[in-house]
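Working notes, structure below.
Side-chain atoms are counted along with the backbone in the values below, which use heavy atoms only and exclude waters and symmetry mates.
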Amino acid sequence: MALPLLNREPPSQIVIQPRHHENYVVLPNYFSLCNDIITRRRIKFTVIAILFFALVYFSWPSDPDTKIVRMHLERIRVHTWPVPNIDITLNLTLKVHNVDVYSLDYRSLDVAVGYRGKRLGHVRSDGGHVRSMASSFVDAELALVGVRVFSDVVFLLEDLARGTVQFDTVTEVKGQLGVLFFGFPLNANVSCQVLVNTINQTIVSQNCQAMVRKH
């Protein structure tokens, strides 16, 4: 016996829809971008400021470094009549070192020499020129005749017997620092205590200090 054929419908097809990929546009954070720009500008401004102040610091004019490199006692004589006094002849060699990037033109160099706080005399030299970052040497002779320091003659004789004498010096440099068309007036003063060995005519020690600068 034949079985009846059943009318079967074909199974429904399962359609899988493809997933649509959504496109996103990522925008940068506006505030973060502004902060980055501000930070970069601050860094740039800081670097420029540092470079500017460094340029000003290294180019700012400074007093020349003056130092007595030789002090030779040529002659010393003590007179007791008619008025107690002494005669001293000193040969000085002064070193002027220009520490600036500018050249130095000095009109005069004046060196005053004293002993135990009392001024003996001074000597002045002519002007000169010192290149930037260079040095110049100036020779001068100081002749002191009839200096009345009778109250300190005993101490001076004792120092001479020991072979060392300490002199006080004040060096004044007048001139101008400049480069091209720019110039800075200069009036520098340096005070030194110079200990001289009178036996071998050498400088044992020297202690210098810059005095108040005048322009």
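Counting only heavy atoms from C-beta outward, the side chains of Leu142 and Val111 never approach each other to under 4.5 Å. Leu73 has its side chain within reach of Gln201: a pair of non-hydrogen atoms, C-beta onward, lies under 4.5 Å apart. Using a 4.5 Å heavy-atom threshold, the side chains of Arg70 and His72 count as touching. Counting heavy atoms from C-beta on, the side chains of Asn187 and Glu172 come closer than 4.5 Å. Proximity of Gln206 to Gln193: side-chain heavy atoms (C-beta onward) are nowhere separated by under 4.5 Å. Using a 4.5 Å cut-off on side-chain heavy atoms (C-beta onward), Phe167 and Leu120 make contact. Proximity of Asn91 to Glu141: side-chain heavy atoms (C-beta onward) are separated by under 4.5 Å at one or more points. The side-chain heavy atoms of Thr164 and Thr198, taken from C-beta on, include no pair separated by under 4.5 Å.
Of the inter-residue distances, the one linking Asp100 atom CG with Met133 atom CE reads 8.0 Å to the nearest 0.5 angstrom. Going from atom OG1 of Thr171 over to atom CG of Asn189 covers 9.0 Å, rounded to the nearest 0.5 Å. Interatomic distance, OG of Ser136 versus CG of Leu104, reported as 9.0 Å (0.5 Å rounding). A distance of 5.5 Å separates CG in Asp105 from NE2 in His129, rounded to the nearest 0.5 Å. Distance OG/Ser103 to CG/Asn98: 7.5 Å, rounded to 0.5 Å. To the nearest 0.5 Å, atoms NZ (Lys174) and OG (Ser108) are separated by 5.5 Å.
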request  = Could you walk me through whether Phe155 and Val165 pass the side chain to side chain contact (heavy atoms under 4.5 Å, CB included) test, one step at a time?
outcome  = CA-CA 10 Å; Phe155 299 106; Val165 180; over 6 Å; no
query = Given Cys192 and Lys67, is the side chain to side chain contact (heavy atoms under 4.5 Å, CB included) satisfied, shown in steps?
reply = CA-CA 8 Å; Cys192 298; Lys67 187 176 183 180; over 6 Å; no
message = Does Val170 form a side chain to side chain contact (heavy atoms under 4.5 Å, CB included) with Val190? I'd like the steps, not just the answer.
response = CA-CA 6 Å; Val170 177; Val190 179; over 6 Å; no
request  = Take Val113 and Asp168, measure what side chain to side chain contact (heavy atoms under 4.5 Å, CB included) needs, and give me the verdict at the end.
outcome  = CA-CA 6 Å; Val113 180; Asp168 305 317; over 6 Å; no
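A pairwise comparison of heavy atoms in Val96 and Pro64 identifies CG1-CB, 4.1 Å as the closest pair. Nearest heavy-atom pair, Ile203 versus Val69, reported as atom, atom and distance to 0.1 Å: CD1-C, 3.6 Å. Residue Ala112 comes nearest to His122 through the heavy atom pair CA-CB, 3.6 Å, listed as atom of the first residue, atom of the second, then distance. Closest of all the heavy-atom pairs between Gln166 and Tyr115 is O-CD1, 3.5 Å.
The one candidate from Asn197, Leu94, Leu90, Leu195 that meets the side chain to side chain contact (heavy atoms under 4.5 Å, CB included) condition with Met71 is Leu90.
Taking a 6.0 Å sphere around CZ of Arg162, one finds it holds more than 12 heavy atoms contributed by other residues, nucleotides or ligands. For Gln209, the CD atom sits in a loose shell: 12 or fewer heavy atoms of surrounding residues, nucleotides or ligands are nearer than 6.0 Å.
Judged purely by distance below 3.5 Å, without hydrogens or angles, the side chains of Asp139 and Thr93 pair a donor atom with an acceptor atom.
Both Val123 and Val173 sit in one connected hydrophobic cluster of ILVMFWY residues. Membership requires side-chain heavy atoms under 4.5 Å apart, directly or through other members.
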